[in-house]
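To start, the structure under review is shown below, and the notes come after it.
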Amino acid sequence: MCTRSSKTGTWASITASSDRSPGWARGSNTEDPMKQQVKAVINATLASLKASGAITFDAIPTYSVEVPKNPEHGDWSCNVAMVMSKATGKKSPELADLIVKSLVDPGAIITSIEKAGPGFLNLRLKDSVFQGVAREVLKAGQHFGRQQPKSTGKKVMVEFVSANPTGPVHIGHARGAFMGDAISRLLDAAGHDVTREFYINDSGKQVETLGRTVFKRYQQLFGATVELAEGEYPAEYVIDIAKTWKAEVGDSMLQKTEAEWLPKAIEVGIRENLKAIRSTLAMANISHDTFFSEKSLHDAGKVTSIVDVYKARGVTYEAAEGKRREKGDKVRSEESKAAKYADKQLGGTFLMTATYQENEKYLLKDEEDRVILRHDGTPVYLTADLAYHKEKYDRGYDLMVDVFGADHAGHVPRIQSGMTLLGLDQKKLQFVLVQIVRITRNGEEVKVSKRKGTLFELAELIEEAGADVCRFIFLMKTANAQFDFDLDAVHKQSKDNPVFYFQYGHARCASILKKAIEKGVTFVGPDALTEAQLARLVLPEEKMMLKKMSQLGEVVQSAADKLEPHHVLYFCQELIGDFHSYYTKYKSDPIVSEDKDKTQGRLALVSALKQTLQCAFGILGISAPEHMEAPPEEE
RNA sequence: GCUCCGUUAGCUCAGCUGGAUAGAGCGUUGGACUACGAAUCCAAAGGCCGGAGGUUCGAAUCCUCCACGGAGCGCCA
C-alpha cells in the first residue's frame with residue numbers, strides 16, 4: 001500500500017526514488033474550491049512582488065493552505081512565507097509582511113490578512129464565499145464530492161476477498177472484504193474506472209480435497225460409513241453440497257471411477273461454495289464485476305508460458321534447493337516451517353526473486369529465490385499467481401490494488417519481484433495488507449478455524465450486527481492496525497456503537513426538513529434560493545460547517561490516493577459533531593422560524609449538509625436513513 | 001535468527017508527503033429536554049505521543065538505534 005511504501009520497504013528506494021506521492025490517482029484539480037481561491041490570491045501577490053522587484057525567486061514551491069486548529073487564526077492559514085524563506089533569501093516574518101502589505105486580491109474575497117507566529121499568514125474570507133458553498137453542494141446533488149465518472153481516464157482494478165471456494169466467507173475475510181469494497185467505491189468516486197475482481201483458487205490440492213469430501217458425504221447419503229481424512233472439510237455445508245449433488249445426479253456417481261467422479265465433485269463443490277460466497281457478499285452490500293478463475297490460467301497454458309518467459313529472460317536456474325542471497329546470510333531457525341518441510345523440498349526451477357542483480361546491485365527485495373516449477377515440473381501457487389498478475393497488466397490497468405490479509409504479507413515481495421523481472425512497472429501494483437482481527441465474545445477470543453468446522457461466518461456476523469455496523473467498525477480503523485472485534489458491543493443499540501451517531505446526524509437533517517414542511521415551509525431549492533436568503537448564514541458555526549463541506553472532494557481524493565477509506569469516515573464525524581453542537585446551541589433560535597429568509601438560508605444549510613453526508617456515506621457504502629427508531633430505554 | 005506491522009488520554013483509536021496550545025468516541029464526574037429527534041449537547045478531569053539520539057526556524061510526524069506487542073518466514077494455497 002502506497003502510504004507505507006518507505007516502511008514496508010518494498011521498493012520506494014529503488015524505483016520510486018524520492019517521489020512519495022502516488023501520482024497515479026491525481027486527475028483533474030480536486031482541491032477545495034475555497035482553498036483554490038485563497039491560493040490564487042497568494043500566487044498573484046507573489047507574482048506581483050516579483051514583478052516589482054521586491055523579491056526574487058525561480059518558482060513558487062509547494063505550500064499549504066490549511067484550516068487552522070485555532071479559530072482565532074482565521075478561516076485559513078498559509079505557510080508560504082516560511083516555505084519560501086530560502087528561495088527568496090528573506091526571513092519568513094519579513095516575507096509575510098511584504099505579502100500582507102502588497103496583497104493582490106482581484107475578486108475582493110479576503111477581508112483580512114495578518115502575519116502570525118513564525119510567519120504564518122492568517123486569512124479571513126467574505127461571508128459570501130462560505131454561503132456559496134451551500135448552493136454548490138445542492139446543485140451538485142448526489143455527485144457532490146465525486147469526480148465525473150471515469151474522468152481521470154485511469155483503469156483501476158481492485159482484487160479483494162478472493163476467498164478459497166472451499167467454504168463460506170468467514171470472519172477472517174471480513175475486513176478485507178469491506179476494505180476492498182470501500183476502496184473500490186472511493187476510487188470510483190475519485191473518477192477512476194474501477195473493476196472489482198475476485199480471484200478464484202479453483203485449482204490445486206485444496207479444491208481436490210473439497211471434491212473428495214463432497215464425494216464422501218455423497219456416499220454417506222446412500223448409507224455408506226465414511227471417515228474424513230486429515231485436512232478434509234468436516235463442516236455442515238459440505239453435506240448440503242452433497243445433498244444438492246444427489247438431487248442432481250441421483251446415485252449415478254456411486255459406480256464411477258475416481259477419475260470420473262472427482263472432477264464432477266470438485267465442480268459442484270466450487271459452484272455451490274461460490275454461490276454461497278456471493279450471497280454472503282450481497283448481504284454485506286458487496287459485489288464484484290469479475291470472477292477470475294485460476295484454473296482458466298492453467299487451461300489456457302498461461303502458467304507454463306510464463307515460466308518460458310522467465311527462462312527466456314535469463315532470470316531462472318535449476319537447483320536442488322533454494323538459493324539464498326549472500327549478504328547477511330539469513331539463517332532460518334530450526335523451528336521454521338521451511339525446515340519442517342525440508343524433506344519435501346526437492347528442487348526444481350527457481351526464479352531469481354532475490355538474487356537478480358543489475359550493475360552488481362541487488363534489485364529485488366525478496367528474501368530468497370523462489371521455486372516456480374517443482375522437480376517434477378509442476379507449477380506452484382506462486383507460479384499461477386505470477387501468471388495472474390501478468391494477466392492483469394496485460395489487460396491494461398493503470399493501477400492494480402490487491403487487498404490481502406496480513407498472513408499473505410510474505411507473498412507481496414515475490415509478486416513484485418516477479419513483475420519487475422518481467423520488466424513491468426511495479427508502481428502500478430499496490431498492496432493493501434489488512435491486519436489480523438481478533439474476534440471476541442464474552443471477553444474470550446472466538447477462534448476462526450475452517451478445519452474444525454467451527455468457523456464463524458461473515459453471514460452470521462451480519463445477521464447478528466447488521467451490515468452497516470460491521471462495515472463501519474471495519475472501516476473506522478486503518479488497515480494496518482490490528483484490533484479486536486467485540487461481538488458483545490456490536491449489537492448494542494447504544495453509544496458503544498458509533499455508526500448510530502453518524503446515521504442519526506443524517507436522520508436529524510431529514511427530520512428537520514420534514515418538520516419544516518409540516519409547518520408549511522418548503523425549502524425553495526438551490527435555483528430559487530436568493531442571495532438575501534443565503535446571506536443570513538452568518539453564524540460562525542454555520543460558516544464552519546460550510547467550509548468543511550466544501551472539503552469533501554479533497555478528502556475523497558486524498559483518501560483514494562492513500563487507499564484509506566477511514567479519512568472519509570472521520571470527515572463525517574467532524575461534520576456531524578459540528579451540526580449537533582450547532583443545533584443544540586441555537587435551539588432558542590431555531591432553523592425553522594418566522595423569519596422567512598433566515599429559514600430558507602438555514603434550510604439550504606441543512607439540505608446541503610444532508611446531501612454531503614449522503615454522498616460521503618455512499619462512498620463508504622453505509623446507508624443514510626431518513627428516520628431511525630429510538631433506542632430502547634436504558635435500565 | 002530475519003522481514004513486516006503496531007506502540008498517542010483509564011479503554012478503543014484518529015492525526016504521520018514536518019507547522020501555532022496533540023484530537024475524537026467510550027468510560028468517570030457535574031450540568032442541559034413545555035421548542036426542529038436527548039441515539040444529542042455543554043463542562044471538568046485525564047498525555048514526557050514506548051525510550052534514546054539525530055536532521056531544522058519547528059518533530060507525534062522524517063532518519064538511526066533500542067524496548068515491548070503482533071504477524072509472517074513451505075516445493076500449502
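Lettering follows sequence order; numbering is per chain, from 1. Values below: every heavy atom of this structure, side chains too, minus hydrogens, waters and symmetry copies.
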Subject >> Per-pair stack call A:His566 and B:A14, 5.5 Å, 30° >> reply: no
Original post:
Ring centres of A:His411 and A:Tyr381 under 6.0 Å apart?
Top reply: yes
Original post:
Looking only at atom P, what distance separates B:A60 and B:G19, rounded to whole Å?
Top reply: 10 Å
Subject >> Identified pairing partner of B:U55, criterion: Watson-Crick or G-U wobble below 3.5 Å >> reply: none
Subject >> Nearest-angstrom distance from the residue atom CG of A:Asp369 to C1' of B:C75 >> reply: 14 Å
Subject >> G-U wobble or Watson-Crick pairing nucleotide for B:U7 (cut-off 3.5 Å, both distances) >> reply: B:A67
**OP:** Measure from the side-chain heavy atoms of A:Arg374 and tell me the nearest of B:A77, B:A14, B:G19.
**Re:** B:A77
Original post:
Is there a side-chain polar atom (N or O) of A:Tyr583 under 4.0 Å from OP1 or OP2 of B:A38?
Top reply: yes
Original post:
Stacking here means centres under 5.5 Å and planes under 30°; does A:Phe120 stack on B:A20?
Top reply: yes
Original post:
If you take atom types as modelled and just measure distance, does the side chain of A:Thr166 reach the base of B:A77 with a donor-acceptor pair under 3.5 Å?
Top reply: no
Original post:
Could you give the CD1-to-C1' distance, from A:Ile372 to B:C76, as a whole number of Å?
Top reply: 18 Å
Subject >> Atom C1', compared across B:G47 and B:U21: separation rounded to whole Å >> reply: 13 Å
**OP:** Would you classify B:C33 as syn or anti? Syn applies when the glycosidic angle is within 90° of 0.
**Re:** syn
Original post:
For the side chain of A:Ser85 and the backbone of A:Met82, is there at least one donor-acceptor N/O pair under 3.5 Å apart?
Top reply: no
**OP:** Could you work out which one of B:A24, B:A77, B:G15 sits closest to the side chain of A:Gln573?
**Re:** B:A24
Subject >> Rounded distance (Å) that lies between atom P of B:C73 and atom OH of A:Tyr381 >> reply: 13 Å
Original post:
Of the nucleotides B:G74, B:U40, B:A77, which has the atom closest to the A:Gln345 side chain?
Top reply: B:G74
Subject >> Toward the 5' end of RNA chain B, by each residue's nearest nucleotide, A:Pro379 or A:Ile436 >> reply: A:Ile436
Subject >> Between B:C75 (P) and A:Asp366 (CG): distance, integer Å >> reply: 11 Å
**OP:** Would you mind telling me which of B:C13, B:C36, B:A77 lies closest to the side-chain atoms of A:Ile512?
**Re:** B:C36
Original post:
At under 4.0 Å between heavy atoms, what does A:Ser203 touch on the DNA or RNA strands: base, sugar-phosphate, or nothing?
Top reply: sugar-phosphate
Original post:
Looking at B:C73, B:G19, B:A77, which one has an atom nearest to any side-chain atom of A:Asn79?
Top reply: B:G19
Original post:
Which nucleotide sits closest to the side chain of A:Glu367: B:G19, B:A38, B:U3?
Top reply: B:U3
Original post:
What is the distance, rounded to the nearest whole Å, between atom NZ of A:Lys587 and atom P of B:G31?
Top reply: 19 Å
Original post:
Picking from B:C13, B:C36, B:G72, which would you name as closest to the side chain of A:Asp407?
Top reply: B:G72
Original post:
P atom, B:G30 versus B:A45: distance in rounded Å?
Top reply: 15 Å
**OP:** Kindly give the heavy-atom pair with the smallest separation between A:Leu433 and A:Val412, and that separation in Å.
**Re:** CD2-CG2, 4.0 Å
**OP:** Could you work out the separation of B:G25 and B:A43 based on their P atoms and round it to a whole Å?
**Re:** 11 Å
Original post:
For B:U61, which nucleotide is its Watson-Crick or G-U wobble mate, given both distances must be under 3.5 Å?
Top reply: none
**OP:** List the steps, then state whether ring pair (Phe, Tyr, Trp, His ring centres under 6.0 Å) holds for A:His580 with A:Tyr501.
**Re:** CA-CA 10 Å; A:His580 284 314; A:Tyr501 181 87; 5.2 Å; yes
Original post:
Can you tell me if the side-chain N/O atoms of A:Thr478 get under 4.0 Å from OP1 or OP2 in B:A14?
Top reply: yes
**OP:** Measure from the side-chain heavy atoms of A:Asn480 and tell me the nearest of B:U40, B:G6, B:C76.
**Re:** B:G6
Subject >> Paired nucleotide for B:C16 [Watson-Crick or G-U wobble; both distances under 3.5 Å] >> reply: none
Original post:
Considering every strand shown, what is the Watson-Crick or G-U wobble mate of B:G1 when both distances are under 3.5 Å?
Top reply: B:C73
Original post:
Roughly how many Å is it from NE2 in A:His411 to C1' in B:C76, rounded to a whole number?
Top reply: 11 Å
Original post:
Side chain of A:Asn122, base of B:A20: donor and acceptor closer than 3.5 Å?
Top reply: yes
Original post:
How would you label the contact of A:Lys519 with the nucleic acid (heavy atoms, under 4.0 Å): base, sugar-phosphate, or nothing?
Top reply: sugar-phosphate
Original post:
When the C1' atoms of B:C57 and B:G51 are considered, how many whole Å apart are they?
Top reply: 26 Å
Original post:
Within the structure shown, what part of the strands sits under 4.0 Å from A:Ser511 by heavy-atom distance: base, sugar-phosphate, or nothing?
Top reply: base
Subject >> Complementary nucleotide for B:G46 - Watson-Crick or wobble, under 3.5 Å >> reply: none
**OP:** Can you tell me the distance, in whole Å, between the CZ atom of A:Phe431 and the P atom of B:G72?
**Re:** 18 Å
**OP:** Whole angstrom is fine here: how far is it from CD in A:Gln416 over to P in B:U3?
**Re:** 17 Å
Subject >> Separation of A:Phe502 CZ from A:Ser623 OG (nearest 0.5 Å) >> reply: 13.0 Å
Original post:
Looking at B:U40, B:C42, B:A14, which one has an atom nearest to any side-chain atom of A:Ala481?
Top reply: B:A14
Subject >> RNA chain B: 5'-proximal contact among A:His408 and A:His580 (nearest heavy atom) >> reply: A:His580
**OP:** Would you sort out whether A:Phe474 and A:Met179 count as a side-chain contact (heavy atoms from CB on, under 4.5 Å), showing the intermediate values?
**Re:** CA-CA 7 Å; A:Phe474 282 113; A:Met179 190 59 70; over 6 Å; no
Original post:
If you look at every strand shown and take non-hydrogen atoms under 4.0 Å, does A:Tyr586 touch a base, only sugar-phosphate, or nothing?
Top reply: base
**OP:** Check whether any side-chain N or O of A:Thr378 sits under 4.0 Å from OP1 or OP2 of B:C75, and answer yes or no.
**Re:** no
Original post:
If we take the C1' atom in both B:U61 and B:A14, what is their distance in whole Å?
Top reply: 13 Å
Original post:
What do you reckon, is CD of A:Glu518 surrounded by more than 12 foreign heavy atoms closer than 6.0 Å?
Top reply: yes
Original post:
What is the ring orientation for A:Tyr388 with A:Tyr199, classed by angle as parallel under 30°, tilted 30 to 60°, or perpendicular over 60°?
Top reply: parallel
Original post:
Using a cut-off of less than 4.0 Å, is there contact between a side-chain N or O of A:His567 and OP1 or OP2 of B:G15?
Top reply: yes
Original post:
When you compare B:C13 with B:U8, how far apart are their C1' atoms, in angstrom units rounded to a whole number?
Top reply: 9 Å
Original post:
B:A20, B:C75, B:A77: which one has an atom nearest the side-chain heavy atoms of A:Ala116?
Top reply: B:A20
Subject >> Phosphate-side-chain proximity, A:Tyr501 and B:C41, N/O vs OP1/OP2 below 4.0 Å >> reply: yes
Subject >> Plane angle bin for A:Phe617 and A:His506 - parallel if under 30°, tilted between 30 and 60°, otherwise perpendicular >> reply: tilted
Original post:
Can you say whether the rings of A:Tyr582 and A:Phe579 are parallel (under 30°), tilted (30 to 60°) or perpendicular (over 60°)?
Top reply: tilted
Original post:
Distance between the P atoms of B:G72 and B:U28, in whole angstroms?
Top reply: 37 Å
